Amino acid sequence: ILTPVSITSPVAGSALPGAEQDVEYQGYEAVAADGSGQYIWDAAGLPAGLQIDPGSGQIYGTPTDTPGTYNVTITVTDTLGGTASVNATR
């Protein structure tokens with residue numbers, strides 16, 4: 001029996017580590033568990049200049065947007081098409 005893929009970090013509703021405008025982000029790695037095979041990551045709502053590596057779940061870059069609160073949705077998909085999403089803020 002296959003356990004569905006899940007995101008173990010960040011926890012739903014949590015805040016991602018802070019970032020400063022025009023300063024390279026030190027990075028944050030989303031973590032998944034279970035599912036099948038390799039994971040593919042996606043993120044919506046990140047400030048301009050930040051992105052997520054689809055293979056590792058690492059969020060990186062240099063934010064260029066005005067500082068503030070951003071609602072971010074991180075999604076992971078496994079090789080069988082199973083998905084999990086979590087909402088966090090930054």
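As the structure is a prediction and not an experimental result, all values here were calculated from the model.
Summarising the local packing, CD of Glu24 is surrounded by 12 or fewer heavy atoms from other residues, nucleotides or ligands at distances under 6.0 Å.
Atoms CD and OG1, from Glu20 and Thr62 in turn, are 11.5 Å apart once rounded to the nearest 0.5 Å. Rounding to the nearest 0.5 angstrom, the gap separating the CD1 atom in Ile59 from the CD1 atom in Ile74 is 4.0 Å. Note: Leu46 CG to Tyr25 OH = 8.5 Å, rounded to the nearest 0.5 Å. How far OH of Tyr39 is from CD1 of Ile7: 10.0 Å, rounded to the nearest 0.5 Å. Rounded to the nearest 0.5 angstrom, Asp65 CG and Tyr70 OH are separated by 4.0 Å.
Nearest heavy atom pair, residue Leu50 against residue Pro63, reads CD2-CD, 3.8 Å. Ser36 approaches Thr79 most closely through the heavy-atom pair O-OG1, 2.7 Å. Residue Gln58 comes nearest to Gln26 through the heavy atom pair NE2-O, 4.4 Å, listed as atom of the first residue, atom of the second, then distance. When every heavy atom of Pro10 is checked against every heavy atom of Ser14, the shortest pair comes out as CB-OG, 3.5 Å. Shown here for Tyr28 and Leu16, the closest heavy-atom pair between the two residues is CE2-CD2, 3.7 Å. Residues Gly45 and Val72 approach most closely at O-CG2, 3.7 Å, considering heavy atoms.
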### Task
Determine, step by step, whether Asp22 and Thr64 satisfy the side chain to side chain contact (heavy atoms under 4.5 Å, CB included) criterion, reporting the C-alpha distance in whole Å, the side-chain angles of both residues, the deciding distance to 0.1 Å, and the verdict.
CA-CA 5 Å; Asp22 298 323; Thr64 58; 4.0 Å; yes
### Task
Please step through side chain to side chain contact (heavy atoms under 4.5 Å, CB included) for the pair Asp34 and Val5, ending with a clear verdict.
CA-CA 5 Å; Asp34 302 317; Val5 64; 5.6 Å; no
### Query
For Tyr60 and Gln51, what are the C-alpha separation, side-chain angles and deciding distance, and is it a side chain to side chain donor-acceptor pair (under 3.5 Å)?
CA-CA 6 Å; Tyr60 65 95; Gln51 57 188 328; 3.2 Å; yes
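Side-chain atoms of Asp42 never come within 3.5 Å of backbone atoms of Thr75 as a donor-acceptor pair (strictly under, hydrogens ignored).
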